[in-house]
Amino acid sequence: MARRSFIAIVGHGPDLERDEGAASVLRSLGADVRTLDLWDDPPRLFVDDESKARAIVVEALDRPDLAAAALRALRREPRLEEVGALVAVSVAQIARIEPSSGFDDFLLVPYVPAELYARVRLVEWRRSEFATEERVKVGAIVIDRAAHDVSVGGMHVPLTAKEFALLSYVCERRGKVVSRTELLRRVWGSQYEGGARTVDIHVRRLRAKLGAALPLVTLRGAGYRLESPLPGSGGPEGGDAARATQRGGAGADAHGDERGESRDEGDEDEDEDGDDEGDEDGDDDEDGDDEREETARAERRSGTSATGAATTGRERRITR
């Protein structure tokens, strides 16, 4: 049985059903709408187990200070944790909208019906995830397998062949731990003779290109896991930096600074960035340049660092 999807409109009870309100406008456009007073319990929105919220519109109007508190209450309901939310305010209150309030977008009252529905659909798309034979979407990342293309927030991100294959695989395994051995076997092939250092190099490149849109964490001694995307992480620039920092701090307590551990296990030599980037061309060369050379160079560098060679990071930079 298909799940019934609806748009939740939250606001001051007596004003929710006014003719020019979001509930009336969206119903006139054919949407299934459910309303909730600011002070009611969020579970009231779900009249049956098959219901699913498409988006949330909080009608703050002239009280944007109440909107953030209302959203926090809504997020405490598990079925609303990952639902996109918009705040509707009057023109005079635009400056009072706090970027840190947690809303994905805002609306101006009085509504323009077409704009209201378009913004609801946009926030629904941003929060959606799906996987088909041709396309995969995780947060703001869209992978088009047929076109061999990756975009973040609608912007094309150039990836090498191996970066594309690595990203596709970790997205397919979202929420599951994938070891470096597994990644080498599935992305590079069972005949590949390089070491795990290759995986670390490519993961670092993906993080650099995709930013906070790629919530790929390192699990010491286990491998990597792709988590739920951060709210607001819409592009390579990193999205909402404040929320990303907050999420990273919580992850440090739970997983031993998971993102930082990627440096401990595979990215310990900051000074190697230039060399790694120089090797990248070989990865994208369709003429068949052997990637084993890149891995051999990386492993030799890693081995030199591990044996405590006299050349320090500063000395390497000076030499270059």
Side-chain angles (χ1 to χ4, degrees), residues 1-13 15-17 21-27 29-60 64 66-88 98 100-107 116-132 136-142 171 173-176 212-213 215 217 225-234 239-240 243-244 246-247 250-251 254:
M1 180 178 178
R3 302 183 69 180
R4 294 188 59 188
S5 60
F6 64 91
I7 301 171
I9 312 297
V10 182
H12 182 51
D15 296 331
L16 284 172
E17 297 298 339
S24 298
V25 172
L26 289 170
R27 286 194 187 106
L29 296 173
D32 185 359
V33 174
R34 298 180 187 179
T35 59
L36 182 75
D37 187 271
L38 282 168
W39 313 114
D40 282 347
D41 293 330
R44 289 176 176 265
L45 288 167
F46 299 90
V47 296
D48 55 70
D49 293 336
E50 300 301 323
S51 300
K52 178 182 179 182
R54 294 172 52 188
I56 301 167
V57 178
V58 178
E59 291 196 302
L66 295 179
L71 184 60
R72 286 195 296 269
L74 292 165
R75 294 298 191 207
R76 285 194 283 270
E77 165 57 46
R79 289 168 289 187
L80 296 175
E81 283 182 342
E82 302 298 329
V83 179
L86 303 98
V87 58
E98 290 291 338
S100 60
S101 60
F103 288 96
D104 297 272
D105 204 348
F106 71 92
L107 292 158
L116 170 58
Y117 193 60
R119 287 183 180 270
V120 167
R121 293 186 63 192
L122 180 60
V123 75
E124 185 180 10
W125 162 259
R126 287 173 179 168
R127 291 276 186 155
S128 68
E129 293 190 1
F130 60 81
T132 66
V136 175
K137 183 176 184 296
V138 175
I141 301 173
V142 178
C171 285
R173 305 286 293 173
R174 231 299 289 287
K176 299 179 180 179
V217 299
R225 182 180 66 231
L226 188 66
E227 296 189 333
S228 298
L230 299 173
S233 56
D240 191 327
R243 280 195 291 266
Q246 182 180 6
R247 174 75 170 271

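Closest approach of Leu226 and Cys171 over heavy atoms only: CD2-CA, 3.7 Å. For Glu77 against Pro43, the heavy-atom pair with the smallest separation is OE1-CG, 3.3 Å. A pairwise comparison of heavy atoms in Leu16 and Val10 identifies CD2-C, 3.9 Å as the closest pair. Of all non-hydrogen atoms in Asp104 and Gly84, the two that sit nearest each other are OD2-CA, 3.4 Å. Contact between Ile141 and Ala213 at its shortest, heavy atoms only, is CD1-O, 3.3 Å. Here the closest non-hydrogen pair linking Leu36 and Arg44 is CD1-CB, 3.9 Å.
One N or O on the side chain of Arg34 and one on the backbone of Leu45 form a donor-acceptor pair closer than 3.5 Å. The main-chain N or O of Trp39 is found under 3.5 Å from a side-chain atom of Asp37 such that the two form a donor-acceptor pair. A donor-acceptor distance shorter than 3.5 angstrom exists from the side chain of Ser101 to the backbone of Glu98, with no hydrogens or angles considered. Judged by distance alone, with hydrogens and angles left aside, the side-chain atoms of Arg76 form no donor-acceptor pair with the main-chain N or O of Pro42 at under 3.5 Å. For the pair Lys52 (side chain) and Arg54 (backbone), a donor-acceptor distance under 3.5 Å is absent.
Side-chain atoms of Val142 and Val136, non-hydrogen and from C-beta on, never get closer than 4.5 Å to each other. Two residues are said to be in side-chain contact when any heavy atoms from C-beta on lie closer than 4.5 Å; Leu122 and Tyr117 fail this criterion. Contact annotation: the side chain of Ile7 never approaches that of Asp32 to less than 4.5 Å [non-hydrogen atoms, C-beta and beyond]. Between Leu116 and Leu26 the shortest side-chain heavy-atom distance falls below 4.5 Å.
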From CA spacing to verdict: side chain to side chain contact (heavy atoms under 4.5 Å, CB included), Val58, Leu74
CA-CA 10 Å; Val58 178; Leu74 292 165; 4.2 Å; yes

Should Leu86 and Phe106 be marked as a side chain to side chain contact (heavy atoms under 4.5 Å, CB included) after you check the CA-CA gap, both sets of side-chain angles, and the distance that decides it?
CA-CA 5 Å; Leu86 303 98; Phe106 71 92; over 6 Å; no

Salt bridge (charged side-chain N to carboxylate O under 4.0 Å, His left out), that's the test. Do Glu17 and Arg27 meet it? Break it down for me.
CA-CA 11 Å; Glu17 297 298 339; Arg27 286 194 187 106; 2.9 Å; yes

Between Leu107 and Val57, does the side chain to side chain contact (heavy atoms under 4.5 Å, CB included) criterion hold? Intermediate values first, please.
CA-CA 9 Å; Leu107 292 158; Val57 178; 4.2 Å; yes

CA sep, side-chain torsions, deciding dist, call: Arg75, Glu81, salt bridge (charged side-chain N to carboxylate O under 4.0 Å, His left out):
CA-CA 5 Å; Arg75 294 298 191 207; Glu81 283 182 342; over 6 Å; no

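Note: Arg225 CZ to Arg174 CZ = 10.5 Å, rounded to the nearest 0.5 Å. Note that CD of Glu124 and CZ of Arg121 are 8.0 Å apart. Values are rounded to the nearest 0.5 Å.
Evaluation of the salt bridge (Lys or Arg N to Asp or Glu O under 4.0 Å) rule for Asp40 yields no partner, not counting sequence neighbours.
Under the 6.0 Å distance and 45° angle rule, Arg79 counts as a cation-pi partner of Phe46.
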